[in-house]
There are 2 protein chains.
Amino acid sequence: MPDATGQAAPKAKRPTRDERREEILAAATRVFGSKGYHQGSLVDVAAQVGITHAGVLHHFGSKDKLLWEVLEYRDRVDVQHLEGKHIPGGMELFRHLVTTARLNADRRGIVQAYAVLTGESVTDGHPASTWVAERFSVLRGEISQAVRELAAERDVTLPEGEPERAAAAVIAVMDGLQLQWLLDPEAVDLASATGFAIESILTATLGAAVRIAGS
Amino acid sequence: MPDATGQAAPKAKRPTRDERREEILAAATRVFGSKGYHQGSLVDVAAQVGITHAGVLHHFGSKDKLLWEVLEYRDRVDVQHLEGKHIPGGMELFRHLVTTARLNADRRGIVQAYAVLTGESVTDGHPASTWVAERFSVLRGEISQAVRELAAERDVTLPEGEPERAAAAVIAVMDGLQLQWLLDPEAVDLASATGFAIESILTATLGAAVRIAGS
DNA sequence: GCGGGCTTACTTACCAGTAAGTAAGTGTGG
DNA sequence: CCACACTTACTTACTGGTAAGTAAGCCCGC
C-alpha cells in the first residue's frame, strides 16, 4: 500500500541487517525450542518477526544454516554471563555449572530448545548431530580436566578413565534433570538437584566429601 | 519377535490381524526410533511390513494412536525380560537398573527410540509428553522408595526430599548417558558409567560406601 | 543538495515434494 | 458369500526453496 499522501504513519524504522538477524535468531530459538527443528517451520519463525519465510531465507540461506547459527547464538548468549572470562577450571568450573543450572530455571525457553535439539540430534542424519556430539566431547574434556585438577590438589590418584567417567556422569545428570524439570517443574528443583548430583559424583570420585557451596 | 517375514515368498500366508499389528508395532518402533515421531512417516512404517500407509491406518486409525500403542508395546517388551513380573525393591532395583543398562548397550534401536521420543516429548503439545511425564513420575516413586528402604536397612535418617532428589538424579544420569552414548559410543561405556554414577549417588545419599556389584 | 544508480530487505507467487487422512473398490480365506 | 485386509486413488495441508518484482535507504557525480 503505497502512501502517496506524505501522511507518514508511525514510521517504523527499518531494522539494520544485524538487528534483524538477531531478531530472527531469537525467534528461531523459540520456535525450534517449542516445536523442534523438523516440526518448527520457517513460516513460524518468520511470523514471529513479522516477515515472510522468504525473508528469513534471504538472511540465512537455508533452514539448516539457520539452525547452525541458532546453535552458535546459544553458545554466545551462554558465555555472555560469564563476564568475558574464559571457561574456569577446577572447583570454579563446578560452581559455574551449578550457577548455570540456577539461572536456567528462569530460562525455560533456552533449556527447552537445548533439550529438544539434543534429543532430536540422535536421529539419523540430523543436521545438529555433529554439533551436539562435538559439544559433548568438548565438555567432557573440560570437566574431566577439572576433575584431575581437584584430584591433584587433594593428592589423590585416580584410576584410569575415572575423570572421563565422572565428566560424562556430570553432563548426563544435568541434561537428564533438565528433561525431567521441563516435563514436571514441580517435581524437580533444577538447581538443588543438580548441585546435589554433582557433589555426589565428585565426592565418590575423590573419595572425600566435596561441597560446592558458593554463589 | 516371531515372524521371519518371508517377504519375497509369493504365496506367503496372510498374517492374522494380531500378527500384522505386532509387525507394524515393531516396524514403527524402529522408524520412530531412528527418525523420531514427526520425521518418521507412516509410509516408512508401512514399507517395512510390505504394505501401504493406508494399510497401517486401517489397523491403527491415526499416527497418534500408533505412537501410543508403540509406547505401550515398549513397556510390554521391557517388562518381559523381568522374570519376576513385579519391579524389585531395595538394592535389587539398582542392580536391575545397571543390568538394564548393560543389556541396552546391545539394543541401540530401543535406546534410540526412547531417547528420541523423550526429547521430542518436551515440545509443545507432543502426543507422548504425558506418557513420558507419567513414566518419569512412576520411576521417581519407585526409586525413591528403594532409597528409603536402603536407608532404613542402614539406620540412616534422610533429610526431607532427599530420596526424591536422589531418584531424580539416578534417572537423569541414565538418560543423559544414553544420549552421550548414542552420539559417541566410543567415548562412553554405558554400563560402567551408569554403575559408577548410581553408586556415587547412593553413596553420597546414604553416607557410606555402596557397591552394587552383582551380575 | 539532489537526481540517478546501486544495494539491501524484503514480498508475492509459485514450485515440487511429502505429509496424514479418507473413500471406495478389490481379492481372498473361511 | 461376505467380512475383512488391504490397495488405489485421491484430497487437503504444509514444507523448504526459488524467482522475480518492488520499495526504501545510501553513495556519488554534478
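Chain naming here is simple, since letters A, B, ... match the order of the sequence lines and numbering starts at 1 in each.
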Query raised in the report: When every nucleotide of nucleotides 19-24 of chain C is labelled 5' to 3' by its protein contacts under 4.0 Å (heavy atoms), B for base, S for sugar-phosphate only, - for none, what sequence of letters results?
Result: SBBB--
Between side-chain atoms of residues 160-168 of chain A and protein atoms elsewhere (two or more places apart, or another chain), which donor-acceptor pairs fall under 3.5 Å?
{"from": "A/Glu162", "atom 1": "OE1", "to": "A/Arg165", "atom 2": "NH2", "distance (Å)": "3.3"}
{"from": "A/Glu164", "atom 1": "OE2", "to": "A/Arg148", "atom 2": "NH1", "distance (Å)": "3.1"}

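- Not a single donor-acceptor pair under 3.5 Å links the side chain of B/Glu120 to the backbone N or O of B/His126.
- In this view, A/His59 satisfies the ring-ring contact (aromatic ring centres under 6.0 Å, His included) rule with no residue, not counting sequence neighbours.
- Protein atom CD of B/Glu19 is 13 Å distant from nucleotide atom C1' of D/dA5, rounded to whole Å.
- In this view, B/Arg17 satisfies the side chain to side chain donor-acceptor pair (under 3.5 Å) rule with no residue, not counting sequence neighbours.
- Note: CD1 (A/Ile24) to P (D/dG16) measures 14 Å, nearest angstrom.
- At whole-Å resolution of the value, CD1 in A/Ile51 and C1' in C/dT8 are 13 Å apart.
- Applying the ring-ring contact (aromatic ring centres under 6.0 Å, His included) criterion to B/His53, with sequence neighbours excluded, gives no partner residue.
- The phosphate of D/dA5 (OP1 or OP2) has a side-chain N or O of B/His58 nearer than 4.0 angstrom.
- Between the P atom of C/dT8 and the NE2 atom of A/His59 lies a distance of 12 Å, rounded to the nearest Å.
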Side-chain polar contacts of residues 187-196 of chain A - donor-acceptor pairs under 3.5 angstrom, sequence neighbours left out - could you list them?
{"from": "A/Asp189", "atom 1": "OD1", "to": "A/Ala191", "atom 2": "N", "distance (Å)": "3.2"}
{"from": "A/Asp189", "atom 1": "OD1", "to": "A/Ser192", "atom 2": "N", "distance (Å)": "3.3"}
{"from": "A/Thr194", "atom 1": "OG1", "to": "A/Leu190", "atom 2": "O", "distance (Å)": "2.6"}

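- Regarding A/Arg20, its CZ atom lies at a distance of 13 Å from the C1' atom of C/dT11, rounded to whole Å.
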